[in-house]
Undergrad: 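Attaching a single structure in C-alpha cells format; questions to follow.
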Amino acid sequence: MKLVVQQFLTLDGVSQGPGSPDEDTSDGFTAGGWFVPHLDEEFERLATRWLGEADAFLFGRRTYQNFARDWPKMTDHPGASILNGLPKYVASRTLTEAEWNPTTILSGDVPAQVAEVKRQPGRELQIHGSARLAQSLLAAGLVDTFRLAIAPVVVGQGRRLFPAGGAPAGLRPVSHETTPGGLTVHVFESSGRPEYGTYGADA
C-alpha cells in the first residue's frame, strides 16, 4: 500500500485543531476551528472521493480517539461506511485496547510496523491528521504522498506539520485546485532528499 498523509493546514503551516475550538487545546492553543468556515460541498465531494481510495487507515492516539468517538454515530455521512468498516491502525504507547473495530494497536517500533503494513496488498494507507505521527514517518522515509488542504487564514500559533528542525524532504507537485470556499488543495509525491542550488549567483 501507498502511505498517504492528508492534512488540513493554515497558510502559516499550522495543522492543530482545525475542526473546533476545543478539538485540541494542548500547549495553550486557542485558535481551533479555523478550517470550518471554508468548508463547502465541493470539498466534501473531494474528501469523500479520497476516502474511496483507502484500503486502511493509520492514526495517532489523539486523532484515533476523536474519530472513534464521532464516526460510528455519523451513519448518514457518505464516508462513514468506509471509515467504520475498513482496517484501522493506531500508533500508541498507552492504549491497550481499541473498541472501534477493526483496529490494530501499533507500539514499540512504529515505523517498522508501518513499513510492514505498507507491504500488504492494497491501494492507500491513509493518515488523517496525526501530525506528529506523520512527521516521524516522513523522517523514516515512509510517506509516499501528501494531500494538503490549505485554508486562507494565518493563526500565528499552534503545532505545524513541518516544524523547524523537522526532517527534510523533496516533494514533486502532482495536482492543485481551489474550492469555492477558498481552500487550496495540493497533492505532492515524495521524491527523496531535497536538492539545493544557488540562485542569482551572477546578479
Undergrad: Decide if the gap between the ring center of Phe67 and the ring center of Phe59 is smaller than 6.0 angstrom.
TA: yes
Undergrad: Between Arg159 and Ser26, does a side-chain contact (heavy atoms from CB on, under 4.5 Å) hold up when you go through it step by step?
TA: CA-CA 9 Å; Arg159 191 165 53 252; Ser26 60; 3.4 Å; yes
Undergrad: Do side-chain atoms of Ser136 reach the backbone of Leu133 as a donor and acceptor pair under 3.5 angstrom?
TA: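 Judged by distance alone, yes, a pair lies under 3.5 Å.
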Undergrad: Is Leu183 linked to Val187 within one hydrophobic cluster, defined over Ile, Leu, Val, Met, Phe, Trp and Tyr using a side-chain heavy-atom separation of less than 4.5 Å?
TA: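 No, because Leu183 and Val187 fall into different hydrophobic clusters, even though each may have its own neighbours under 4.5 Å.
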Undergrad: Between Gln135 and Leu161 (side chain of the first, backbone of the second, donor and acceptor by atom type, cut-off under 3.5 Å), is there such a pair?
TA: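 Yes, Gln135 side chain to Leu161 backbone: donor-acceptor pair under 3.5 Å.
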Undergrad: Hey, which of Val114, Leu138, Leu171 is the one that makes side chain to side chain contact (heavy atoms under 4.5 Å, CB included) with Val143?
TA: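 Exactly one option meets the side chain to side chain contact (heavy atoms under 4.5 Å, CB included) with Val143, and it is Leu138.
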Undergrad: When the aromatic ring centroids of Phe35 and Phe8 are compared, is their separation below 6.0 Å?
TA: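 Yes; Phe8 has its ring centre under 6.0 Å from that of Phe35.
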Undergrad: Is a side-chain donor-acceptor pair under 3.5 Å present for Arg69 with Gln65?
TA: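 On atom types as modelled, these side chains do not qualify, holding no pair under 3.5 Å.
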Undergrad: Given side-chain contact (heavy atoms from CB on, under 4.5 Å), test Trp100 with Leu83 step by step and report yes or no.
TA: CA-CA 10 Å; Trp100 190 27; Leu83 274 160; 4.3 Å; yes
Undergrad: Can you tell me how far the NE2 atom of His128 sits from the CG atom of Leu51, to the nearest 0.5 Å?
TA: 5.0 Å
Undergrad: Taking only residues two or more places apart in sequence or in another chain, which ones pass salt bridge (charged side-chain N to carboxylate O under 4.0 Å, His left out) with Glu23?
TA: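 Not a single residue meets the salt bridge (charged side-chain N to carboxylate O under 4.0 Å, His left out) criterion with Glu23.
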Undergrad: Where is the tightest heavy-atom contact between Pro102 and Gly85, given as atom of each residue plus distance?
TA: CD-O, 3.6 Å
Undergrad: Taking it one step at a time, do Arg147 and Glu124 satisfy salt bridge (Lys or Arg N to Asp or Glu O under 4.0 Å)?
TA: CA-CA 12 Å; Arg147 290 190 183 120; Glu124 294 184 359; 2.7 Å; yes
Undergrad: Between Leu9 and Phe146, is the side-chain contact (heavy atoms from CB on, under 4.5 Å) condition met? List the steps.
TA: CA-CA 12 Å; Leu9 300 178; Phe146 283 97; over 6 Å; no
Undergrad: Honestly curious: do Leu142 and Val90 fall in one hydrophobic cluster under the side-chain, below-4.5 Å linking rule?
TA: no
Undergrad: For a 4.5 angstrom cut-off between non-hydrogen side-chain atoms, does Val117 reach Met1?
TA: yes
Undergrad: May I ask you to test the Ile150-Thr10 pair for a side-chain heavy-atom distance under 4.5 Å?
TA: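 Result no, sub-4.5 Å side-chain heavy-atom pair not found.
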Undergrad: Between Arg123 and Gly52 (side chain of the first, backbone of the second, donor and acceptor by atom type, cut-off under 3.5 Å), is there such a pair?
TA: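 A pair under 3.5 Å: yes.
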Undergrad: With a 4.5 Å cut-off on side-chain heavy-atom distances among I, L, V, M, F, W and Y, is there a chain of contacts connecting Leu86 to Leu58?
TA: no
Undergrad: Between Gln7 (side chain only) and Gly129 (backbone N and O only), is there a donor and an acceptor less than 3.5 Å apart?
TA: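 Confirmed, Gln7 side chain pairs with Gly129 backbone.
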Undergrad: Report yes or no: does Asp27 contribute a side-chain atom to a donor-acceptor pair with the main-chain N or O of Phe29 at less than 3.5 Å?
TA: no
Undergrad: Please identify each residue that fulfils side chain to side chain donor-acceptor pair (under 3.5 Å) with Ser175, with sequence neighbours left out.
TA: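 By the side chain to side chain donor-acceptor pair (under 3.5 Å) rule, Ser175 matches no residue at all.
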Undergrad: How far apart are the closest heavy atoms of Gly182 and Pro152, and which atoms are they?
TA: O-CD, 3.4 Å
Undergrad: Please report the closest heavy-atom contact between Ala151 and His38, naming both atoms and the distance.
TA: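 Of all heavy-atom pairs spanning Ala151 and His38, the closest is CB-CD2, 3.9 Å.
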Undergrad: Do Val185 and Trp50 make a side-chain contact, defined as non-hydrogen atoms from C-beta onward lying under 4.5 Å apart?
TA: yes
Undergrad: Short question: side chain of Lys88, backbone of Ala56 - any donor-acceptor pair under 3.5 Å?
TA: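 Flag not set: sc Lys88 to bb Ala56 has no pair under 3.5 Å.
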Undergrad: Examine Val110 and Phe57 and state if one hydrophobic cluster contains both, with Ile, Leu, Val, Met, Phe, Trp and Tyr joined whenever side-chain heavy atoms are less than 4.5 Å apart.
TA: no
Undergrad: Donor-acceptor pair, distance only, cut-off 3.5 Å: does the side chain of Trp34 make one with the backbone of Gln16?
TA: yes
Undergrad: Distance check, rounded to the nearest 0.5 Å: Asn84 atom CG versus Thr75 atom OG1?
TA: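 So the gap between those two atoms works out to 8.5 Å.
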Undergrad: Can you check whether Pro173 reaches His186 side chain to side chain, under 4.5 Å on heavy atoms?
TA: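 No; the side chains remain at least 4.5 Å from each other.
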Undergrad: Indicate yes or no: at least one non-hydrogen side-chain atom of Pro180 is less than 4.5 angstrom from one of Glu42.
TA: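 In contact.
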Undergrad: Could you tell me how the ring of Trp71 sits relative to the ring of His77: parallel (under 30°), tilted (30 to 60°) or perpendicular (over 60°)?
TA: perpendicular
Undergrad: Run the side-chain contact (heavy atoms from CB on, under 4.5 Å) test on Leu125 and Asp55 for me, step by step, so that the C-alpha distance in whole Å, both residues' side-chain angles and the decisive distance to 0.1 Å come before the verdict.
TA: CA-CA 6 Å; Leu125 171 63; Asp55 279 321; over 6 Å; no
Undergrad: Ignoring hydrogens and angles, tell me if any N or O in the side chain of Ser92 forms a donor-acceptor pair with the backbone of Leu95 under 3.5 Å.
TA: yes
Undergrad: Checking Asp144 side chain against Lys2 main chain: does a donor-acceptor pair fall under 3.5 Å?
TA: no
Undergrad: Could you walk me through whether Tyr64 and Thr103 pass side chain to side chain donor-acceptor pair (under 3.5 Å), step by step?
TA: CA-CA 10 Å; Tyr64 174 83; Thr103 294; 2.9 Å; yes
Undergrad: Is a donor from one side chain sitting under 3.5 angstrom from an acceptor on the other, for Thr179 and Glu41?
TA: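 Distance-only check fails for Thr179 and Glu41.
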Undergrad: Leu11 and side chain to side chain contact (heavy atoms under 4.5 Å, CB included): which single residue from Val155, Thr184, Val154 fits?
TA: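 Considering Val155, Thr184, Val154, a side chain to side chain contact (heavy atoms under 4.5 Å, CB included) with Leu11 is found only for Val154.
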Undergrad: Judged by atom type as modelled, is there a donor-acceptor pair below 3.5 Å linking the side chain of Ser191 to the main-chain atoms of Gly170?
TA: yes
Undergrad: Applying side chain to side chain contact (heavy atoms under 4.5 Å, CB included) between Phe188 and each of Thr145, Val174, Leu148, report the one that passes.
TA: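 Output: one option passes, namely Leu148.
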Undergrad: Taking the side chain as every heavy atom from C-beta outward, state whether Leu137 and Ile127 have any pair of such atoms under 4.5 Å apart.
TA: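 In contact.
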